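Below: the structure, in structure tokens.
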Protein chains: 2
Amino acid sequence: MINQSVTNESAANESIEPQNQVTTAVDQVFVELRRAIVEGDVAQGSKISEPELAKRYGVSRATLRDALNRLEACNLVERKANVGCRVVALTPERLIEVYQVRASLEGLACRLAAENMTDEEIANIKALLNKHLNEQRVKEGESYYQEAGDLDFHYRIIKGSKNEHLFNLLIHDLYQLIRMYRVQMGMTGPRVSKAFDEHLAIINAIENRDGELAEMLMKRHIGYSMNNIENKFNAAQ
Amino acid sequence: MINQSVTNESAANESIEPQNQVTTAVDQVFVELRRAIVEGDVAQGSKISEPELAKRYGVSRATLRDALNRLEACNLVERKANVGCRVVALTPERLIEVYQVRASLEGLACRLAAENMTDEEIANIKALLNKHLNEQRVKEGESYYQEAGDLDFHYRIIKGSKNEHLFNLLIHDLYQLIRMYRVQMGMTGPRVSKAFDEHLAIINAIENRDGELAEMLMKRHIGYSMNNIENKFNAAQ
DNA sequence: GGTGCCAAGATTGTCGACAATTTGAGAAAG
DNA sequence: CTTTCTCAAATTGTCGACAATCTTGGCACC
């Protein structure tokens with residue numbers, strides 16, 4: 001029972017950084033380029049020049065090419081044969097598409113979590129929420145909770161589904177794109193307290209082993225989140 | 001209005017062969033290797049030797065490596081840094097995981113299809129089912145319907161959702177793995193007529209624009225299909 | 001003046017060779 | 001006889017160069 005407290009620590013790092021250990025050069029370029037795209041350092045829709053980026057990151061073109069392949073698998077860049085590679089464009093239509101898929105999959109994750117999570121895992125999430133609640137009261141207005149805390153909550157639910165395929169699909173392939181929308185839309189909004197209540201309702205449903213309710217609550221929660229981003233989109237025009 | 005009949009032709013080829021046009025060498029190797037894996041020409045769980053396969057397909061190792069990357073994105077091979085590449089192992093646990101995801105996503109597709117499909121598209125699917133019904137009566141017992149017909153039906157529903165992200169996720173990433181299970185488990189069973197009735201009920205719900213019912217029916221339909229494969233698995237031991 | 005074709009430049013696709021890492025067998029020590 | 005260390009063979013990761021394809025600017029022709 002050494003290091004018991006480790007289960008209470010943040011898991012968001014792993015969710016933001018899926019690679020368990022970044023060893024190879026392709027990994028490094030992939031992770032760094034992904035960060036740059038998600039955080040907007042390289043503009044959405046812009047074309048990517050292989051020789052230029054290879055030079056900037058100090059690797060061969062073949063290596064960078066490999067990294068681009070992985071980014072394509074994450075839906076962060078789009079490729080055409082003999083033409084090139086562009087960063088994806090963030091359109092409202094695509095936002096809706098992605099969030100429809102996300103709501104469906106995380107709804108499933110929630111239902112499975114209600115069946116498969118251990119009592120200890122559930123207790124840890126509740127403790128996490130209480131911790132976030134306190135921190136939120138202290139630093140009201142700052143975006144701490146929204147970013148790390150929200151990621152952490154969803155990450156644990158998805159992991160709690162005990163469905164590895166679902167986990168990979170959401171964490172590796174979908175979440176970077178979702179993060180890209182949130183970051184570039186400046187999602188530091190006042191949805192904090194409301195989202196907190198929704199999280200609480202979800203974990204309560206899971207604790208009661210009510211998978212059906214948990215699924216529905218999660219779908220709604222994600223739907224609200226989508227509307228929030230969509231409004232920002234429309235306001236930005 | 002030329003070539004109107006083209007909408008009634010089979011769309012399964014496209015679903016089996018997602019690449020619109022296979023031009024580059026990497027594409028060719030990717031498609032051929034994928035076929036070999038799905039159809040069991042290379043055994044599940046077996047290790048893949050890069051130099052050997054590169055020589056067999058007459059391409060460079062870098063090219064084959066690129067193809068392996070894409071196979072990894074389809075979840076058909078698994079990779080570890082500095083260790084190598086193995087074909088995925090078909091376990092009952094993974095079957096359940098994949099089918100849980102599939103049921104959720106195709107349920108979503110069905111709901112969206114009920115909202116977004118045109119009357120003409122719906123009519124075309126109904127015509128398709130009738131065509132399959134006739135052919136099924138003639139060649140009873142053969143596996144035609146199960147393979148091509150079933151793929152065709154699901155393909156059109158997914159496309160009818162008008163959600164491109166969902167389409168790519170299902171057709172590119174998930175369906176090859178599903179096909180792998182079905183082919184290697186020898187899925188030519190007697191589920192034909194029952195599946196036909198289920199398909200009919202689904203398209204009727206879509207025609208009535210009852211998305212909720214269509215989603216539920218599709219989830220059940222896929223659940224039955226999973227049980228069918230799962231039984232084969234247990235019987236094979 | 002507008003349209004279509006051609007060539008030069010640039011970009012992507014492919015290759016063979018070299019460097020780094022893992023793995024397995026064999027020898028030496030316990 | 002078992003265990004551990006070492007080293008070599010094999011496999012994977014990375015690189016720079018060459019070939020094929022697309023783009024673009026200009027010129028000829030209508």
Side-chain angles (χ1 to χ4, degrees), chain A residues 17-37 42-89 172, chain B residues 17-37 42-89 172:
Chain A
E17 205 58 67
Q19 256 56 37
N20 293 341
Q21 39 189 4
V22 181
T23 51
T24 172
V26 174
D27 281 334
Q28 293 178 15
V29 175
F30 168 66
V31 169
E32 175 56 24
L33 235 179
R34 187 182 58 186
R35 189 207 57 75
I37 290 177
V42 18
Q44 50 161 308
S46 65
K47 190 166 186 304
I48 286 182
S49 164
E50 292 183 3
E52 179 192 331
L53 277 191
K55 196 170 133 194
R56 186 192 302 182
Y57 288 108
V59 296
S60 155
R61 235 190 75 225
T63 301
L64 184 123
R65 198 159 227 286
D66 218 337
L68 288 182
N69 280 333
R70 288 213 224 163
L71 288 174
E72 188 184 16
C74 301
N75 294 299
L76 290 177
V77 303
E78 286 171 348
R79 235 170 177 189
K80 285 177 185 172
N82 289 314
V83 170
C85 196
R86 328 187 62 91
V87 179
V88 292
H172 292 348
Chain B
E17 203 60 65
Q19 256 56 38
N20 293 342
Q21 41 188 2
V22 181
T23 51
T24 171
V26 175
D27 282 333
Q28 293 177 14
V29 175
F30 168 66
V31 169
E32 176 56 24
L33 235 179
R34 187 182 58 187
R35 190 206 57 76
I37 291 176
V42 17
Q44 48 162 307
S46 65
K47 190 169 186 305
I48 286 181
S49 166
E50 291 184 3
E52 179 192 332
L53 277 191
K55 195 170 134 194
R56 185 191 303 181
Y57 289 108
V59 295
S60 155
R61 235 190 76 226
T63 301
L64 184 123
R65 196 160 230 284
D66 218 338
L68 287 182
N69 279 333
R70 287 214 224 163
L71 288 174
E72 188 184 15
C74 301
N75 295 298
L76 290 178
V77 303
E78 286 172 350
R79 229 165 183 198
K80 284 177 185 172
N82 289 316
V83 169
C85 197
R86 325 187 65 91
V87 180
V88 293
H172 292 348

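All figures in this text were calculated on a predicted structure; none of them were measured in a lab. Below, chain A is the first sequence line, B the second, and so on; all start at residue 1.
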inquiry  = Can you see if the side chain of T24(A) gets near the phosphate of dT14(D) - specifically, an N or O under 4.0 Å from OP1 or OP2?
reply    = yes
query = Passes side-chain contact (heavy atoms from CB on, under 4.5 Å), V29(B) versus L53(B)? Steps please.
reply = CA-CA 10 Å; V29(B) 175; L53(B) 277 191; over 6 Å; no
query = Rounded to the Å, how far apart are Q28(B) CD and dC15(C) P?
reply = 11 Å
Residue list, salt bridge (Lys or Arg N to Asp or Glu O under 4.0 Å) with R56(A), at least two apart or on another chain = E52(A)
key: Value in whole Å for how far the P atom of dG16(D) lies from CG of L64(A)   = 13 Å
key: Results of side-chain hydrogen bond (donor to acceptor under 3.5 Å, both in side chains) for E32(B) - residues two or more places apart only   = R35(B)
task = Starting at atom CG of L68(B), determine the distance to atom C1' of dT12(D), rounded to an integer number of angstrom.
result = 12 Å
query = N69(B) CG to dT12(D) P: how many Å, rounded?
reply = 13 Å
query = Rounded to whole angstroms, how far apart are OH on Y57(B) and P on dT14(C)?
reply = 16 Å
Could you list the donor-acceptor pairs under 3.5 angstrom formed by side chains in residues 71-84 of chain B, with sequence neighbours left out?
unit_1	atom_1	unit_2	atom_2	d
R79(B)	NH1	N69(B)	OD1	2.5
R79(B)	NH2	E50(B)	OE2	3.3

ask   = Between K55(A) (NZ) and dT14(D) (C1'), how many Å, whole number?
value = 20 Å
query = Once you round it to whole Å, what is the distance between P of dT14(C) and CZ of F30(B)?
reply = 14 Å
Atom pairs, N/O to N/O, protein against nucleotides 5-12 of chain C, distance under 3.5 Å?
unit_1	atom_1	unit_2	atom_2	d
dT12(C)	OP1	K47(A)	NZ	3.3
dT12(C)	O3'	N82(A)	N	3.4

message = Within a 6.0 Å radius of atom NZ on K55(B), are there more than 12 heavy atoms belonging to other residues, nucleotides or ligands?
response = no
task = Under the side chain to side chain contact (heavy atoms under 4.5 Å, CB included) rule, collect the residues that match up with A54(A), sequence neighbours excluded.
result = R61(A), L64(A)
task = May I have the distance from D66(A) (atom CG) to dT12(D) (atom P), rounded to whole angstrom?
result = 14 Å
